[in-house]
Structures are given as C-alpha cells and as structure tokens.
Amino acid sequence: MELSLAKIAKVIGGEITGDVNKKISGAAPFDDATENDITYAINAKFIKRLDETRAGAVIVPLNYKKKSKKNLAAVKMPYVAFATVLKLFYQPPKPETRISANAYIGKNCMCGKDVSIAPFVVIQDNVSIGDRVVLHPGVVIGNDVIIGDDVEIYPNVSILERCVIGKRVIINAGTVIGSDGFGFAPDGKQYHKILQLGIVQIDDDVEIGACNTIDRATFGKTWIRKGVKTDNLVQVAHNVTVGENSVIVAQVGISGSVTIGKNAILAGQAGIAGHLEIGDNVTIGPRAGIAKNIPDNLVVSGTPEMPHRLWLRVQRIMPKLPELNKKILEIEKRLKKIEEK
Amino acid sequence: MELSLAKIAKVIGGEITGDVNKKISGAAPFDDATENDITYAINAKFIKRLDETRAGAVIVPLNYKKKSKKNLAAVKMPYVAFATVLKLFYQPPKPETRISANAYIGKNCMCGKDVSIAPFVVIQDNVSIGDRVVLHPGVVIGNDVIIGDDVEIYPNVSILERCVIGKRVIINAGTVIGSDGFGFAPDGKQYHKILQLGIVQIDDDVEIGACNTIDRATFGKTWIRKGVKTDNLVQVAHNVTVGENSVIVAQVGISGSVTIGKNAILAGQAGIAGHLEIGDNVTIGPRAGIAKNIPDNLVVSGTPEMPHRLWLRVQRIMPKLPELNKKILEIEKRLKKIEEK
Amino acid sequence: MELSLAKIAKVIGGEITGDVNKKISGAAPFDDATENDITYAINAKFIKRLDETRAGAVIVPLNYKKKSKKNLAAVKMPYVAFATVLKLFYQPPKPETRISANAYIGKNCMCGKDVSIAPFVVIQDNVSIGDRVVLHPGVVIGNDVIIGDDVEIYPNVSILERCVIGKRVIINAGTVIGSDGFGFAPDGKQYHKILQLGIVQIDDDVEIGACNTIDRATFGKTWIRKGVKTDNLVQVAHNVTVGENSVIVAQVGISGSVTIGKNAILAGQAGIAGHLEIGDNVTIGPRAGIAKNIPDNLVVSGTPEMPHRLWLRVQRIMPKLPELNKKILEIEKRLKKIEEK
C-alpha cells in the first residue's frame, strides 16, 4: 500500500511541513527507516539527530520548531500517531474465517459470524462466541463461557467455565483464565479446599499477556476492567479487581481480594499483599513489595514501599551501610575518649 | 437442595442455637448471604456485626457466647465447617464419564472405571489411569505415567514420561510436571546437558496451581508429598522435596535439591537457594530470599532472611536511612568541634 | 549396554588407574551407584569419601593424587565427562519417527526426514521443519516458522508466526515463543497497541525451559543466541538479545531492548530494567534488581545492584539496622551532654 503524506496526516490529525504528496509505503524505527517509510522522533535524542534518518517523513511533536529538510508531520501525541500509522500499513491479515473440521464444539454453542476456529480448539457446552472472534489452535473454552465480538485468543489458552470475556480482548498464548483461587481452610493437620464458585470477568479492550494466571473468585468475580493491559507471567489471585486502563508489567503478583484503581502502573516483578487497596493513578516501582494501602496518585517503590524519591535516596545509602557501621563504631570510640577526659 | 440446620449440624459437627428445622439451600459470604443461605463469622469484625447479615444461619466459633436472634451453628473450626458446607451445596457436577472419540490413547493404557477423557487429550503408551479420573481438553500424559484414583487434571497440563501422580490430586491448567531439570556441565566455552533421568512423584491429596513448573530429578525423584498445596506460577527445581501439608504461594521459586519440611508456609514470590533445608512448620515471608538452612518452627522474612519480628523493625528503619546518614555526618562534625577544643 | 573402562576412557578422554577391563553398565550419583556403575567425585566432600562409594569406577579430576582401591578415570573436567557418560548409557530413545494421522499440517509445509509429529500438533502454513525434529503433543507452530534439524519441542509449546528456531534446540513444555511484545502508546486516557511486527530468533544449541515467555520484537528480532540455556518461567521481553552461552535461571525477568553479553549468568528471580546493557561474563546474583548497565566481567548482586562482595557485607549489616539506629540516638544524647558542659 502507498499513501500520500496528506492522506496519512488526515488519519493521524497531523500538520505537514514539506511535500504533502510524498508517497509513503511503510513505517519503521528512526535508524532503520528507508526513503519510503515514515518514522517518529519523540525525545531529544532523536529530535537532535533528525536529519540523520533516511525516512521519507518524520512524525514530530507539535512543539517541534527547528527547520529541517525532512518532511514532517507534527502531532500532539507522536507515539500514538505512530501506533496508528503502523496499523495503516501492517494490520496483520486475520486468519481465514472458518471453523476447522478438527475443532471440537460442544452442545448449544452460539457462534457469531465470521469467526475463525483453528484445529484442536475445544469449545465445551453452552458457550457464546461473538462475531469475528479468532480462536487459535489448542484453545480450550469451558462450559457456559461468554466471549464478545472481535476477541483474539492465541494458542493453548485455557478459559475455564462461566468466565466472561468482553469485546476486542486479546489473550496471548499459554494463559489461564478462571483457575481455582488458592483457598484452603486449615484444621491444624491438613487443608480443606474452599470451593471456588465465582468467575473471572474481563471487560472490553483488555490485552492479557502470555502465561498469565487469573484465578476465579471464591464468590462473585475476579474483575479485569476495561482497557487493562497485562504483560507476561502475571498472577492475579481470586477476587482481585484491576481498574480501568491500568497496566501490569511482567511477573507481577497480585494477592487475593486486592483492589487496584484506574490508570495505575505496576512495574515488573512487583508484589501486592492480600486485601489491599491501590488507588487511582498509582505507580508502583519495579520489584516493589507492597504491604499497605496506597492512596491515589502516589508513586511508590521499594520493600517496604515508600515514596519513590525517598526510595532513590535509600538506594544510594544502602551500599554505604558497611561504611556507616564502621563510622558509628569509630564515633563511639571517640566519644568514649572524650567522656573519659 | 434444601437441608435443615439439624442435618447440616450433623455433617459439620456443630451445636445449634435457634431453629433446628430452619431450611437452608445455599452458602454465601457474610454480606451476600440471603435468608436461605448459611454463612460464617470467624473474626471479631464479623462477629461484632452478627445481626447485620441476612443469612438464615451463621457458623460461629465454639467460644461464641453473645446472644443473637440468628440461628447459630457453633463449631470448633468455623472456616473448615464452611468449606464442608460449600461442598454440600455446590460440589460441581463431574464431567460426563466418557472417553472422547477425539482423544488419542496410546498402547497398553490401563484405564480405571468412570473416567472422563476430553477431546484432544493425548495419553501416550503404557499409562495407568485410576478410577474416576477427569482429564480436561488438551492434557498430555507421557509414556509410563501413573495416575491414581479421583485425580482431576485441568486443560493444557503436560505430565511427562514416568511421573507418578497419587490419589485425589488436582492439577490446575497450563502446569508442567516432569520438565527437564536445569543441569548443565560447563567446559569453559559451552554447556553440556546433564540428562535428567529421574521423575516427579506427587503424593495423595496434593493440589498444584496453574502454570507451575515442576522439574524431574536428575536421578531419583522430585517429590511433592501428601497434602501439599501450591498456588500459581510456582517453580520447583529438580530433586526438591516438599514435605506433607506444606503450602507454597504464587510465584515462589525453589532451587534444586532443596528439602522443605512438613506444614511449612512459603509466602508469595519468595525464593530458596539451592541445596538448603527448610524445617517443619517454618513460615517464610512474602518475597523473602532464603540463602541458608532454616530450622524447624521459625518465622523468617527479608533478604537476607532474618527472624520475622526483626525484619519488621528493619523495614521501619529503611526509609530513615538517608536521615540516619545525615545524622552521622552531623555527629562527626560535632565530635570534631569538641575534639578540637 | 556394557562398556569396559578402557572404552569409556576413550570417549571421555580419561586416564585410567585400576582395571581397564572392568565392565560398566550404568552411571549414578556417588551414594546411589552400584558395583556396575560409574560415578564422579568433584569436590573435596566426595573426594574425601572416595572409598565409600560402591561404584565400580569413579571419574576424578586430573589433579587427583591419593591412592585408592577404586578404579579411577582422571579427566580435566569430571562433570562434563559425567554428562558424556550419562549420554552413553541413557540417551532416551527418540519417539517413533512418524507423522501422526491426528496432527494437523497446513499448506506448503516443508518437512525434513525422520521427523516425529505427535497427535494434536498443529503446523500452520508455509512452515519449514528440519530433519529428525520431534514435536510432542499439543505443540502449535504458526505460519512461516522455520525449525532447524534435531530440534525437540515438548508438549503444549506455542511458536508463533515467522519465528526462527536453529538446530539442536530443545524447548520445554508450556513455553510461548513469539507472543506480542508489551508495547502501548498512552494518550492520557487509554492505551493504543503498538503492532509487534518483528520475530523471535533462537540460534543453535539453545535450551529453553518450561513456561518461558519470549516476546517477538516490535521491529527486527528478539534474539537468543547460540548455546543459551534458560530455566523455567523466564520472561524475555521484545527486542532483547541474549549473548552466546549465557545462562538464565528460573523466574528471571528481562525487560525490553536489554542486551546481555556472552557467558553471562543471571541467577534466579533477578530482574533487568529496560534498555540496559549487561556485559560479557557478567554474573548477576539471585533476586538482584538491575537498574543500570553492567560492564564486562563483573559479579553484581542486590537491589540496587552493587559488587557482590559489597552486597555480602551490606547483607550482614541489614539485620543490625535497628541496633544501629539505637546507637545513633544514644550517641546524640551523649554528645549533647558533652556539649552542654
């Protein structure tokens, strides 16, 4: 496909400087782009080197002022614009819309139009599947599951009984939705399983990473709300709620009954103890261990959690601990000497 | 199903106060229960609010003394009693006991009675499967595996050759049992694989979470003993032994040749270095990094591990480190001043 | 199989002391070996007890000097020699070389000779598969994937479209290769997916553990170079490069665009922040949180990372923090007293 810069500008809402008729046929990173590609330059590092890219056009921030021989498309949010441009040129072709003769489909399956069901998919009984859903090979859909329109589920994902998946949800390979929550009643000798009777509900526009484990609630629902994005190997325990448009980076663990607000960011390998409330717009640093509630809008890091700026200072002191210890011993000696006088 | 309180009391061993003929048809949490449900109140928080639940009956601790208009069932272990009541009302129906025509079953499979084998299950050669076993879709059972009675294995679980699974074991979706241990001999340039010739043995009444990885032993066995419960995304390396009724919370990693005693609790995201011995009744705090043996009955936390109470105090000091550092610098100045006099 | 010690010595390059005609029929660990087994003794602990093993022969280091009644094979690298001996006796039989009638194979599959494709494997379109490749049950191979000779892929692994796998690669069960990188452009309200257009390339002689997640690059490739070994539950984000013969232990997380050098060792549960460069021969301690570049040949540990020896000292101080805090308060009092005089 080939599009003029003018046409691209219409789609991304940009203001063109240079040749509006310039034909663009692809998009690529700054240093890899060729004459026919459009690229983007957000931060100072690339903006400074703007004339060095071979790209036929560059998406820049609105406040970009310098002169350049390059064709420029100035937009409010260049990275979002680049995301859009990528979709223009590269939106991958959907798999053939057909139901494989090698898939297994149970009783009373309500199946939308233009779905794609790959070989060795299992759809158990009373499942409802929306329009244009794509189920890759090895996907297992349990009894009474509901899946919305335009959902794509990658290979070997398991969605267990009664879970509910919204529209435009993407679930990456190997993930488990609706495994039993980790609930046991100890009698002093052994553990008795607490039946996990709830479900997992995943709302619209969520993307779940690969090999996530999202447990069903004991009662009610574990709830991943609209627009949430999770990276790989994320653990979400029973009865957790993750608020709208929150982002959970790889290997984060969220314990049972935690509530996370809207627009939160949980960086990689962080852990949240059970029953806590994490507010809206909270950012939790990488590898942080959170043991108490975090009010809205805070940025916290460390174990125990503390304001992120404090954590940066604590981090600088930690390698000096042996030295500090030595100083204290020395101070004590000097003090003793003085006191003895 | 509807049961009188008297009937329920017989099952859970409780002492009824109130209407023994009260009919109960379900069980629910304190705040969600309706007139026909039984609920439970363990801790002070719920016991204080006892009259607020709409439940038709409440399971309370034996030592509960206060008067209440509610129908009460006083038992020694209310949470265990509630687990039992849940099973009374909600034990999920077992899948149809039939072997799917879409399953693949190898040579010499010894198969018990009333098993349920879903579509696209693979059972390789010389496998032995007990009575009432349920294999969900996409499960792969390797050559020479032995599976006891009443085992349930959820979708897309892989159990590799020669592993042995006891009775009443539950394995949640996506888990791998019997992957190769991580053993390589370095020659200074590259690594040579050490064949992993052992197995994984899982004893009776174990529940394994979703997406666990339990490696086979180099020689002998990796051994998950009776009654152990693991949460999701747990890593168990080769030649580990986990003692009876120990509990391993999500994302814990146990390195090779570690031995864990009975009734231990490993909280979420903890890690245990190789070849260590963790005693009976040990509790390891969340995110703890264990680098030495832990004797019986200790509660340890932190990295490095230390007594849990000490860790709580250390945690309180850590955010003060920049302040302490400042104090020390100041003290040194003041000391110098005095010394100079 | 039975081999004389002389024959074994030829294979492992050893120097025999004792009976070169001694017949050996197996290999086993020091304390489990029987009269017909060969074992090995590397470290002082076993060398001291050399006469206690029942093994018919012992592999020892070249510098082993003591007299022993045992038949000895002295070699430069005993552990590598033992790895070789294990392969002599126990190399597991390859699965039957046949393509299951229950596998699904798409269009234009180029398939080498002597391959083994298990039931319910899915090979999508335009896939190239080398000679002697073994695909276990439930494996999914996406469109346009290339797989080299002598590769073994364990059950329920997903390899997504266009990824490239070298020769002699082993991929353990449940792993996902080529899931989408975690890339989203925020517009202040929601996140826009950045299409992930690159691939994963895995070079020759790599072994990938169970339930790994290795994301495809945004552009270009995520690259696992020759001889790398990863343990279980490892996360490799988009555009990461892992250098030759590096070792990544269980539950490590590597963020996007990180470059790791040759012969590096990343111990269990470590995490590496995005866009960092980790040099050749670097060792990163268990649970370390790496937030800056690490030059070649360093051994670092801790969060924040520091030289490993310093970290050991810091670890010894940490449990003393409450005590140090107390000392400082006391020192201040004593100082004040002196100053007041």
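Proteins get letters first, then strands, A, B, ... in listed order; numbering begins at 1 in each.
- Both the backbone and the side chain of C:D231 come within less than 4.5 Å of a heavy atom of chain B.
- Under the 4.5 Å side-chain criterion, counting only non-hydrogen atoms from C-beta, B:D215 is not in contact with B:D180.
- Contact count versus chain B (heavy atoms, under 4.5 Å) is highest, among C:P95, C:A28, C:P119, C:G174, for C:P119.
- With no hydrogens or angles considered, a side-chain donor-acceptor pair links B:T218 and B:H238 at under 3.5 Å.
- Remark: C:D280 engages C:K262, C:D296 in a side chain to side chain contact (heavy atoms under 4.5 Å, CB included) (not counting sequence neighbours).
- With a 4.5 Å cut-off on non-hydrogen atoms, C:A27 touches chain B through its backbone but not through its side chain.
- The part of C:Y154 that comes within reach of chain B is its side chain, from C-beta onward, which places non-hydrogen atoms under 4.5 angstrom from that chain.
- Of all heavy-atom pairs spanning C:V282 and C:N297, the tightest one is CG2-N, 3.9 Å.
- If you measure heavy-atom distances from C:P286 to chain B, you find no contacts under 4.5 Å at all.
- Under the 4.5 Å side-chain criterion, counting only non-hydrogen atoms from C-beta, B:L324 is in contact with C:I328.
- Between chain C and the residues B:R334, B:K337, B:K189, B:Q124, the largest count of heavy-atom pairs under 4.5 Å involves B:R334.
- For the set C:E244, C:E207, C:M318, C:K320, the count of heavy-atom pairs under 4.5 angstrom toward chain B peaks at C:E207.
- Residue contact with chain C, scored on non-hydrogen atoms closer than 4.5 Å, involves the side chain of B:I317 exclusively.
- Among B:L321, B:V176, B:V122, B:L195, the residue making the largest number of heavy-atom pairs under 4.5 Å with chain C is B:L195.
- Neither the backbone nor the side chain of C:T84 comes within contact range of chain B, judged by heavy atoms closer than 4.5 Å.
- Of all the listed residues (C:R316, C:M77, C:Q91), the one sharing the greatest number of non-hydrogen pairs under 4.5 Å with chain B is C:M77.
- With values rounded to the nearest 0.5 angstrom, C:L88 atom CG is found 10.5 Å from C:Y90 atom OH.
- The pair C:K226-C:D205 meets the salt-bridge criterion, since a charged nitrogen lies less than 4.0 angstrom from a carboxylate oxygen.
- The contact between B:Y191 and chain C is made by backbone and side chain atoms together, counting heavy-atom distances below 4.5 Å.
- Between atom OG1 of residue C:T175 and atom CG of residue C:N232 there is a gap of 7.5 Å, rounded to the nearest 0.5 Å.
- Heavy-atom distances place the side chain of C:Q269, and not its backbone, under 4.5 Å from chain B.
- Interface residue C:I248: only backbone heavy atoms are found under 4.5 Å from chain B.
- For B:L197, the part lying near chain C is the side chain, with the backbone staying farther off; criterion is any non-hydrogen pair under 4.5 Å.
- In this model, no donor atom of one side chain and acceptor atom of the other lie less than 3.5 Å apart for B:N143 and B:N126.
- Contact of B:I338 with chain C is made through the side chain alone, with heavy-atom distances under 4.5 Å.
- Between C:S246 and C:I265 the shortest side-chain heavy-atom distance does not fall below 4.5 Å.
- Interface residue B:V157: only backbone heavy atoms are found under 4.5 Å from chain C.
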The test is ring-ring contact (aromatic ring centres under 6.0 Å, His included); show your working for C:Y79 and C:Y40 and say whether it passes.
CA-CA 7 Å; C:Y79 196 38; C:Y40 71 109; 5.6 Å; yes

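- With a 4.5 Å cut-off on non-hydrogen atoms, C:E332 touches chain B through its backbone and its side chain both.
- Side-chain N/O atoms of C:N212 and C:Q235 include no donor and acceptor closer than 3.5 Å.
- Ranked by heavy-atom pairs under 4.5 Å with chain B, the first of C:A210, C:P137, C:G138 is C:P137.
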